[in-house]
Amino acid sequence: MLAIASAVTVDPFVFRLAIFTLACFVGYFVVWSVTPALHTPLMAVTNAISSVIIVGALIAASAHAFMGSDAEVKAAFGMTRLFGFIAITLASVNIFGGFLVTQRMLAMYKKKG
Amino acid sequence: MSANLAAFLYLVSGVLFIQALRGLSSPETARRGNVYGMAGMAIAILTTLFSIRIEFGSLVMILGGLALGGTVGAVIARRIAMTAMPQLVAAFHSLVGMAAVFVAAAALYAPEAFGINNADGSLHMQSLIELSLGVFIGAVTFSGSVIAFAKLNGNMSGKPIMLPMRHAINLALVGGAVVLVFMLIGTHGVGASAQSLFWILTLVALIFGVLLIIPIGGADMPVVVSMLNSYSGWAAAALGFTLENTALLITGALVGSSGAILSYIMCKGMNRSFISVIMGGFGETAAAAEDDGIERTVKRGAAEDAAFIMKNAGKVIIVPGYGMAVAQAQHALKEMAVKLKEEGVEVKYAIHPVAGRMPGHMNVLLAEADVPYDDVFELEDINSEFGSADVAFVIGANDVTNPAAEDDPSSPIYGMPVLKVWEAGTVMFIKRSLGAGYAGIENPLFFRDNTMMLLSDAKKMVEEINKAL
């Protein structure tokens, strides 16, 4: 058993592809069940959640070259931190703006009476 | 934090995002859904912060970026007028696109920070392809959304801009992008040449994004906004592969399919294929059609006449369109509906899927004016009721009520599902002029005997009707 397990290693990419593919189907069914009256809040909230790209930006902003790296590598890491900072700022506008504007919209939907 | 725990928490955050969208299936559960979404985001951010080593300088940048962006976002969210929602959404899309470009750039400049480098510091071909896809879609989303914003916000004319040979130019740009990706793979992502190739690819994508949106006219904006929504998701998903992050993968897939479905619904609402919308130019060729030289007369009415007819009606169906949004007439309209209800009139609202400039645009405006959502109906639910209505009150809508879509095969909108307002006893149109709609097509309803044209600004006219009621 152990020998087989070590001989057959699946590229982790395949697992990621599986998650992605299944999530596409989940998205398909979930979005079809969204009532048309809430399509605008749907766009606002998808906007907010797609800003989860901020996780990449956080890693970039905390990138530090190893001790003793040459000047070129250090410069590249400096640029990376700058890119991270810009991306964090942009994504934050979206996260706060997106969720809050969705909340504001949803608060307006009222039942009769 | 161990890598396994982090991966698990990213999965939790992905599931919470699914719950956020799931909640939108009804207005009652939507607010809780939004809270799930916020929780998912908080978990994703905290998980990342606790799994990396952060030096003091970086911490300042992170907190600074969060505070700066967060403040700007919160202020915008508080102040934005509901009528400006389409341009706000377009602006937000552009930010996601731009953030994706910078995250992709970071992954190329410092792959070590993301743990995606080989021992010699080079990048896998697979990572480079994912990263290129991410930056390409991200940049297209950015520049495309900027153009969409300018068109929706009125900084730019909503008329399609048709460049000569635009299809050839677009093909050349895509071809060029593919060549650039191959060259980037050739560099293994190392050195200044990889970095310049990356930025050239970004530039090509930016130009492509602009060219993609400028030929698309104002009436097709709901499709454009949905499409850019979809792109922002695919950009996030591509980077989810690069960064090996489950939360990003799930979210990207959710947002990507959400935008794709909305685009599909919008296209169906106009009976147009997605390809023909992308190719653009709708409303240009059709403008000159339908001039048969016959002098036709319209019946113009005054606010008092309209008020009198509606007061004595049993049932009134209101059909709002983009004109209501432009005139900010939703509050006056609500007041009118309340007065009519006091007179014992049954009042309902009928919403066409492509009314306004984005999916669900009219619903949000009516909700803002405190119209209860159970008075508001979708096209397929209310279309059979026009026959039993005494008055169809069309405010700022035109093409979505055009009978030519049903009975004139030569009409550019033939086959588009429309609200059958003409089956009502009297049709009232509030319009600023007798001009054609955004699709450039004349509406034969204007000239029918049971049609009353109320030519004025929508808000002013409704206020006058309110006075007369």
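Throughout, protein chains are lettered first and strands after them, A, B, ... in sequence-line order, and every chain is numbered starting at 1.
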**Report entry** Proximal component of B:V376, with respect to chain A [non-hydrogen, under 4.5 Å]
**Finding:** neither
Requested in this report: Examine whether an atom of A:I53 lies under 4.5 Å from a heavy atom of chain B, and if so say whether it belongs to the side chain, the backbone or both; otherwise answer neither.
Outcome: both
Query raised in the report: Is it the case that more than 12 heavy atoms not belonging to A:Y28 sit under 6.0 Å from its OH atom?
Result: no
Query raised in the report: Quick one: what part of B:E244 sits under 4.5 Å from any heavy atom of chain A, side chain, backbone, both or neither?
Result: both
Query raised in the report: Which atoms of A:L82 come close to chain B, meaning under 4.5 Å heavy atom to heavy atom: side chain ones, backbone ones, both, or neither?
Result: backbone
**Report entry** Side chain / backbone / both / neither for B:S25 at chain A, heavy atoms under 4.5 Å
**Finding:** both
Query raised in the report: A:L100 versus chain B, heavy atoms under 4.5 Å apart: side chain, backbone, both or neither?
Result: both
Query raised in the report: Got a sec: does the CZ of A:F13 have more than 12 other heavy atoms crowding it under 6.0 Å?
Result: yes
**Report entry** Geometric class of the A:W32/B:Y264 ring pair [parallel <30°, tilted 30-60°, perpendicular >60°]
**Finding:** perpendicular
Report summary line: Given A:V26, A:N94, A:V30, A:V101, the one with more heavy-atom pairs under 4.5 angstrom with chain B than any other is A:N94
Requested in this report: Would you mind checking which part of B:V35 comes under 4.5 Å of any heavy atom in chain A, side chain (CB onward), backbone (N, CA, C, O), both or neither?
Outcome: neither
**Report entry** Region of A:I95 in contact with chain B, defined by heavy-atom distances below 4.5 Å
**Finding:** side chain
Requested in this report: Quick one: sort the B:F102 and A:F83 rings into parallel, tilted or perpendicular, breaks at 30° and 60°.
Outcome: tilted
Query - Within 6.0 Å of CD in A:E72, more than 12 heavy atoms from elsewhere - result: no
**Report entry** Interchain contact, A:V45 with chain B, by part (heavy-atom threshold 4.5 Å)
**Finding:** side chain
Query - Winner by heavy-atom pair count (cut-off under 4.5 Å) against chain B, out of A:C24, A:A63, A:A60 - result: A:C24
Query raised in the report: Can you say whether A:I19 sits under 4.5 Å from chain B via the side chain, the backbone, both, or neither, judging by heavy atoms?
Result: side chain
Query raised in the report: Can you say whether B:M98 sits under 4.5 Å from chain A via the side chain, the backbone, both, or neither, judging by heavy atoms?
Result: both
Query - Residue A:A48 versus chain B: region with a heavy atom under 4.5 Å - result: backbone
Query raised in the report: What part of B:I351 is in contact with chain A, defined as an atom under 4.5 angstrom from a non-hydrogen atom: side chain, backbone, both or neither?
Result: neither
